[in-house]
Every structure is written in structure tokens, then in C-alpha cells.
Number of protein chains: 2
Amino acid sequence: MAPPGKAQKTAKKPAPKAAKKTAPRPGRPVRGSATGRPVMALIDLIGRRWVLRILWELRSGPLTFRALQEACGGISPSVLNARLADLKETGLLEHEEAEGYRMTQLGRELTEQLTPLTGWAERWARQLEKMQKP
Amino acid sequence: MAPPGKAQKTAKKPAPKAAKKTAPRPGRPVRGSATGRPVMALIDLIGRRWVLRILWELRSGPLTFRALQEACGGISPSVLNARLADLKETGLLEHEEAEGYRMTQLGRELTEQLTPLTGWAERWARQLEKMQKP
DNA sequence: CTCCATTGCTACGTTTTCAGTAGCAAGAGA
DNA sequence: TCTCTTGCTACTGAAAACGTAGCAATGGAG
């Protein structure tokens, strides 16, 4: 391999398709589903790492970038920023100069639907305990 | 760190901690949260790619591995298998010889909590439409 | 038994995403 | 001016996901 001659130095980015990354949204094909059904976009969106956690941490009020970063246990700023962009783009949260990042009305409706999951998670925990040390 | 002198050659796998991968579960620290609170484990679990989708596709009955793979739009078998292991380990689904993969009672309770998300997602879609072409 | 199809995976090389750290520009005080 | 906070961007290395190939086991059909 490696034919002698020249061109041995630069071989970095042969793929110039540097398309902008967009958040999943209803009406567009998402990962694993080309139908554009809203629920599929939602599944794709909240299936991304940190998305659910970010919404969860904002449930009781707005947080600044740094506060949110800390609340998420030290998530790296690049990923946090990417997720915040996704969530802003899809209308779930917004950035207020004064207070930081806060959920929109739409975002609040979503997290309200998600709060009962706490109860389920606790049943789940008890169930798993029983299964392990019976 | 790294006292000078020698040992400059091999530097491949300095981390031999090849621990088995375990699914997030209540009572244990998860990504970004050391408290072990059940809801954090749940957020970690369903924040993994494909987990929510798999549960969604199983909502109306059991599917075989291949059927599930197809239902998820051609997810790669290695990832599917990993997610199925997570979900079995956490008691959300089980593998029946005859019918394939099916949700447990616990899993069904979870997806029942998640079905209203369809309605939210549709409001979301309408909202985004209004915001784009007003 | 041989042939073929189906099922549930495993292997492995490539690509994408995430993690972790460093650091910078802008603004607010002191 | 100096310092501090805030909201990021850049970069490198590690982990996760993708995509394809393929294999062992099972179950008929002929």
C-alpha cells in the first residue's frame, strides 16, 4: 500500500458536505422515520443525550448557561450549546437577557406531561429491588 | 506527572477498565447525576438513542428482532441488540420464544404514560408552522 | 438428508457524537 | 485598570452509532 511519489501529507476532509446541523422537527424526516410525523420528531429530539435533562433542570425556573451546566453535572459547554440551539430552534425554550434560559409555554406544556414520570420511576425502582433481592 | 526517562513507545490502551456496560437504573449514579434518584436513571435511559423508539414500536404488540429492526427504519443490529439488553436488564421488556420481544407490565405502564405525547407533538407541529409562515 | 429461508444475533471498519479542557470577547462593577 | 461573571467557540481524544457482512441455530420442503 501507500504508493510512492507524492501527495502524502494532506488528507483531512475529503467530504465537503458540511451541511448545517438542524434539530429534528415535525414535518421533516428524522432518524429512522421518513414520514415526518410529529411524534417521531419528538422521539428523535428527546432521544438525544441531555435534551430531557436540560428540560428537567429548567422545570422550576430559568437558569443561566453556567448554572445549567452545573445543574447537569458538568456537561461540556459545546454539547450544552448544541442542545440549547436545538431547543431554541424547535420553540421549546428561549434566552432572556436578564434571567438566562427559560422554557416557552410550549416547553412548559411538554414538561408538565413528563412530570408524572417521577411516580413511574419510583415504582420502577421498587420493582427492580424486589427482582434483585427476593 | 510522567517522569522523564523512558517508556515512550507503547501507548495504546492505558485504560484496561473494560467493564461490562450496564444500563442506567435507579439507585445507581448515572450520567450527570450521582444521587441515584430513579427519575434520573429514567432520564438517562430514555435519553439514549432508540430506546424511546423501540418502546414506541412495541406499543401495539410484540415484534421479532428483525421486525423491530425494520420498524425502526433499519437500525443497525448491534445497536438494537445493545438497547434490547438495556431494556431487558431494567425489566421493561422480555423475550418470548414464540412471539419475540414484548413489553412487561412495567414497560406497558411507562408507554401508557407516554402516549399523550402524541397530542402534544401535534400541537407542537401546528405551533411551529405558525411561527414559520405567519 | 440436502436445500433454503428465517431468526437472532456477532464482528468490524467507518462516521458521528460526546467529553474534557482551554480560552476568548463582552459586560459589569470596584 | 483589574477582576469577575457570562456565554460561548476551538480543539483533541474517547465513546457511541452506523452499515455491511456473515454465522449458528431452527424449521420446514422436497
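Worth saying up front: this structure is predicted, and the values here are computed from it rather than measured. Throughout, protein chains are lettered first and strands after them, A, B, ... in sequence-line order, and every chain is numbered starting at 1.
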Checklist entry - Please, which pairs that meet side chain to side chain donor-acceptor pair (under 3.5 Å) have at least one residue in residues 56-71 of chain A, sequence neighbours excluded? => result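 The answer is A/Arg53-A/Glu57.
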Rounded to the nearest Å, what distance is computed from the [atom1] atom of residue [X] to the [atom2] atom of nucleotide [N]?
X       : N      : atom1 : atom2 : result
B/Leu84 : C/dG8  : CG    : P     : 10 Å
A/Ile54 : D/dG7  : CD1   : P     : 14 Å
B/Glu96 : C/dG8  : CD    : C1'   : 16 Å
A/His95 : D/dT6  : NE2   : P     : 11 Å
A/Asp86 : C/dT16 : CG    : C1'   : 14 Å
A/Glu97 : D/dG7  : CD    : P     : 8 Å
A/Leu93 : D/dG7  : CG    : P     : 13 Å
A/Phe65 : C/dA25 : CZ    : P     : 17 Å

Salt bridge (charged side-chain N to carboxylate O under 4.0 Å, His left out) partners for [X], two or more places apart:
X        : result
B/Glu109 : A/Arg123
B/Glu99  : B/Arg102
B/Arg37  : none

All N/O pairs under 3.5 Å across the protein-nucleotides 16-24 of chain D interface:
residue : atom : partner : partner atom : Å
D/dA17  : OP1  : B/Arg83 : NH1          : 2.9
D/dA17  : OP2  : B/Arg83 : NH1          : 3.0
D/dA17  : OP2  : B/Arg83 : NH2          : 3.3
D/dA17  : O3'  : B/Arg49 : NH1          : 3.3
D/dC18  : OP1  : B/Trp50 : NE1          : 3.1
D/dC18  : OP2  : B/Trp50 : NE1          : 2.8
D/dG19  : O6   : B/Ser78 : OG           : 3.2

Item to check | Contacts of B/Trp120 that satisfy ring pair (Phe, Tyr, Trp, His ring centres under 6.0 Å) - sequence neighbours left out | outcome: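 Ring pair (Phe, Tyr, Trp, His ring centres under 6.0 Å) check on B/Trp120 returns B/Trp124.
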Item to check | N/O (side chain, B/Asn81) to phosphate O (OP1/OP2, C/dT10) under 4.0 Å | outcome: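 Yes, such a contact exists.
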Checklist entry - Between B/Arg83 (side chain) and B/Val51 (backbone), is there a donor-acceptor pair under 3.5 Å? => result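 Side chain of B/Arg83 to backbone of B/Val51, a donor-acceptor pair under 3.5 Å: no, none is there.
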